[in-house]
Protein chains: 2
Amino acid sequence: MQHQKLATIEDVAALAGVSIATVSRAINEPTKVADETRRKVTEAIARTGYTTNAMARSLRMRRSNMILILAPDVGDPNFSNILVGLETEASKRGYGVLIGNTQNDPARETDYLRFISSNQADGLILFTGHLPYGFGQDGTEGRLPPMVAVNEPVPNADVPYVGVDNFEGARIATEHLISQGHRRIAFVGRSGAREVNRLREEGYRKALAGAGISIDPRLIIDGDGTTESGRAAAELMFVRDALPTAFFCVNDATALGVIISLNARHYDLPRQFSIMGFDDISFSSFVTPSLTTMKQPRHRIGEAAMELLLELLAGEKPHEQQILLRAELIVRNSVTRFG
Amino acid sequence: MQHQKLATIEDVAALAGVSIATVSRAINEPTKVADETRRKVTEAIARTGYTTNAMARSLRMRRSNMILILAPDVGDPNFSNILVGLETEASKRGYGVLIGNTQNDPARETDYLRFISSNQADGLILFTGHLPYGFGQDGTEGRLPPMVAVNEPVPNADVPYVGVDNFEGARIATEHLISQGHRRIAFVGRSGAREVNRLREEGYRKALAGAGISIDPRLIIDGDGTTESGRAAAELMFVRDALPTAFFCVNDATALGVIISLNARHYDLPRQFSIMGFDDISFSSFVTPSLTTMKQPRHRIGEAAMELLLELLAGEKPHEQQILLRAELIVRNSVTRFG
DNA sequence: ATCATTCATGAAAACCTTTACATCATTGCA
DNA sequence: TGCAATGATGTAAAGGTTTTCATGAATGAT
């Protein structure tokens, strides 16, 4: 350990000729200390290069000023942009962020809980859509640490949630297609398992109902949100021979799959088919045709979630149990007028 | 603070009828304790739900088992994939990772150093390409904490480095173009500032020299690695009217810009121009034409860097001061035979 | 002048571990 | 049997803060 011994609060106290209590106060509650003493302390700190030992402080105060972020896939671009918002807000308030990549592995989820139970983290941001395995079981219910769910809500547990308004966004997206004259609109990416997909499907249905368009079940295709599932879904439509004039895809990754499939079949996009995505991930503007989609305010989502969590940590009752941010329609080239 | 008071080592000791020292040993050095006592302790731990307080332990042991990762842009896809490797390896060895988004802001970099100086992190992974502002100045040189640079080497400081072999990768990429019959090959993305760009340009030059092709300075264009810079570079070539048959781009983002520009001018790719990238970021396979590129072993880079850092922390001399991993040629559709 | 407040400071406890050292019992060997 | 060596456990110190409570000085009011 090359790290030579660091100055402690005692060194500062000695140099300033005061007690350690005074030094501590001079740092944390400057008004409670006489001007002159404060000056001496400040100088002593500068001279010794003192910086307070976070471990000792955390031990004493029983809080670490750390937030644990649990995500199934840290590499996911949708995640990493929200992370920026989370980190920005946390660091602004003096908190650090610890990240845990769970890969949906129960063992890893449980393992990460040690950060909470050992006081290494004060709160939790959850991207997983469920309580970490090991929580909420065996009556430990009451002990849940402060936490906020992002992106995927947590069913059957009242965990505050921050995310985009999927229902409303999907409705707007579908209405945009309708406004362009489309009436046979497919929904690609139905899923019983994922809440997000379900909400987007609801929005889609709502828009169609609102326009008096009846739903053709053959135009609703399952998918898990991957590019591959989008490709497969498009292929399936050709097999079934029930074709839409527009595809509303549950997310951009899926939309990309649809585009790849249609391009491979040498259709002229968007003249022959319109495609609408959801998310606005980075490459959506680069695909050909560039993707018309609903943009998630990712940075803002991260900020809002962290704000909410910090409120919780401060002991305040959260303003609201759920914050839904609006998605914004981004018009590019993949949707065009029909008829 | 709903968190009811947690069990301490004393509670366990009392329940097991032993001293706290014995409990500590039973946990950390099980062999040093009699079988029977160990059993009693284990049971007491289970009964109390005890988990050791990381703060107290860290305070005492003067190490936090945390690694701080400093990156200019946490949202960057190239970063986030390496992060997965870093995190995987760290968590395997019982370390947590703390992330700091510096945005190249000196103030933020300095701020993050408090994690190091306050013992909240034992080591540092650096993506920034330079020592954090506030380090290495004023003779504090000797105090540098254990750290490893990733992606961007740190000039003028012997910081161990892990990254892809940019020179060799660029050479292989360029040779691939040459092998396809290209002789007028542009290099897009020269930069005086970025070491990575410089190395890739060197590899490019080496390959041309090796094939006895003289370099046309008009085919070497500046760029900062963004998609926009790629677009601008392509446009510039048309203005200059010195056209290549193939573009070797310093990275995939740049290549994408070139493709966008050429597509906009309605060239038939790859028939009229070949494009080669570097990095293999996620959307490279989805662009039209899909991008032939050099794939960075991102996950492996993360793992190797973390391994190296943990070795350093364990006090071992690192095997090597620099680990260069090979980039792999990924052949897709953007490069085709010329002539 | 007296007394109650207020203000600035200090002493010491508490936060929860790990570990050096001491103690005592047991074992092994001559 | 006697003594050294080994093994298991306990006591107490140390790690560096924050904060309660006590103390004493200074201020203000009567």
Side-chain angles (χ1 to χ4, degrees), chain A residues 1 3-42 44-45 48-66 94 114-115 117-120 122, chain B residues 1 3-42 44-45 48-65 94 114-120 122:
Chain A
M1 297 290 104
H3 250 194
Q4 59 211 68
K5 200 136 71 325
L6 295 144
T8 80
I9 200 173
E10 276 194 88
D11 301 328
V12 176
L15 190 59
V18 298
S19 76
I20 62 168
T22 300
V23 174
S24 175
R25 276 188 290 256
I27 296 172
N28 302 310
E29 310 156 293
T31 64
K32 298 219 167 181
V33 104
D35 289 2
E36 171 60 7
T37 1
R38 187 169 48 239
R39 204 192 50 68
K40 281 190 299 188
V41 170
T42 319
I45 289 178
T48 54
Y50 170 76
T51 117
T52 115
N53 180 314
M55 292 312 165
R57 159 182 267 154
S58 296
L59 173 59
R60 173 63 222 236
M61 309 205 30
R62 287 185 164 124
R63 53 161 40 220
S64 56
N65 278 27
M66 291 280 172
R114 76 189 146 88
F115 285 103
S117 57
S118 71
N119 270 342
Q120 253 174 127
D122 301 334
Chain B
M1 297 288 103
H3 249 194
Q4 58 211 67
K5 198 139 68 328
L6 296 144
T8 79
I9 201 172
E10 275 193 88
D11 302 328
V12 176
L15 190 60
V18 298
S19 76
I20 61 168
T22 301
V23 174
S24 175
R25 276 187 290 254
I27 297 173
N28 302 309
E29 310 157 293
T31 64
K32 299 219 167 180
V33 103
D35 289 1
E36 170 60 8
T37 350
R38 186 169 50 234
R39 203 192 49 68
K40 283 191 298 189
V41 170
T42 317
I45 289 179
T48 53
Y50 170 76
T51 116
T52 116
N53 180 315
M55 293 312 166
R57 159 182 266 153
S58 295
L59 173 58
R60 175 62 222 237
M61 307 201 39
R62 289 198 168 99
R63 54 161 40 215
S64 56
N65 278 26
R114 78 190 144 87
F115 285 103
I116 297 291
S117 58
S118 72
N119 271 341
Q120 254 175 125
D122 301 333

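Chain letters run A, B, ... following the sequence lines, proteins first and then strands; every chain starts at 1.
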### Task
Using atom CG of A:D11 as one end and atom P of D:dT17 as the other, report the distance to the nearest whole Å.
9 Å
### Query
Rounded to the nearest 0.5 Å, how far apart are CG of B:L59 and CG of A:N53?
6.0 Å
### Message
Please tell me if B:N28 has a side-chain N or O lying less than 4.0 Å from either OP1 or OP2 of C:dT18.
### Response
yes
### Query
A:M55 has an atom CE; how far is it from atom C1' of C:dT18, in whole Å?
15 Å
### Query
So, is B:R57 near the phosphate of D:dG15, with a side-chain N or O under 4.0 Å from OP1 or OP2?
no
### Task
Check whether any side-chain nitrogen or oxygen of B:R60 sits under 4.0 Å from OP1 or OP2 of D:dA14, and answer yes or no.
no
### Task
Could you verify whether a donor N or O on one side chain and an acceptor N or O on the other, from B:N119 and B:R114, lie under 3.5 Å apart?
no
### Between P of D:dT17 and CG of A:N119, the distance in whole Å
19 Å
### Query
Rounded to whole angstroms, how far apart are CD1 on B:I27 and C1' on D:dT9?
16 Å
#### Entry: Rounded interatomic separation in angstrom, taking CG from B:N53 and C1' from C:dA14
13 Å
### Message
Without decimals, in angstroms, what is the distance between B:E29 CD and C:dA20 C1'?
### Response
12 Å
### Message
Is there a side-chain hydrogen bond (donor to acceptor under 3.5 Å, both in side chains) between B:E10 and B:T8? Walk through the geometry before answering.
### Response
CA-CA 5 Å; B:E10 275 193 88; B:T8 79; 4.9 Å; no
### Message
Can you identify which nucleotide, out of D:dT11, C:dC15, C:dT17, has its nearest atom closest to the B:A56 side chain?
### Response
C:dT17
### Task
Would you kindly give the CD1-to-C1' distance between B:I20 and D:dT11, to the nearest whole Å?
9 Å
### Query
Sub-3.5 Å donor-acceptor pair from the side chain of A:T42 to the main-chain atoms of A:R38, do we have one?
yes
### Query
If only side-chain N and O atoms of B:S19 are considered, is one of them under 4.0 Å from the OP1 or OP2 phosphate oxygen of D:dT9?
no
### Query
Among D:dT17, D:dG15, C:dA11, which is the nearest nucleotide to the side chain of B:L59?
D:dG15
### Task
Have a look at A:A34 and say if it touches a base, only the backbone sugar-phosphate, or nothing, with a 4.0 Å heavy-atom cut-off.
sugar-phosphate
### Query
For C:dT18, does either OP1 or OP2 sit under 4.0 Å from a side-chain N or O belonging to B:S24?
yes
### Query
Rounded to whole angstrom units, what separation is found between the CZ atom of B:R25 and the P atom of C:dC16?
21 Å
### Task
Please state whether the phosphate of D:dG15, meaning OP1 or OP2, lies under 4.0 angstrom from any side-chain nitrogen or oxygen of B:S58.
no
### Query
Under 3.5 Å, is there an N or O donor on one side and an acceptor on the other linking the side chain of B:R62 and the base of D:dG16?
no
### Message
Ignoring hydrogens, what is the shortest heavy-atom contact between B:S117 and A:T51? Give both atom names and the distance.
### Response
OG-OG1, 3.6 Å
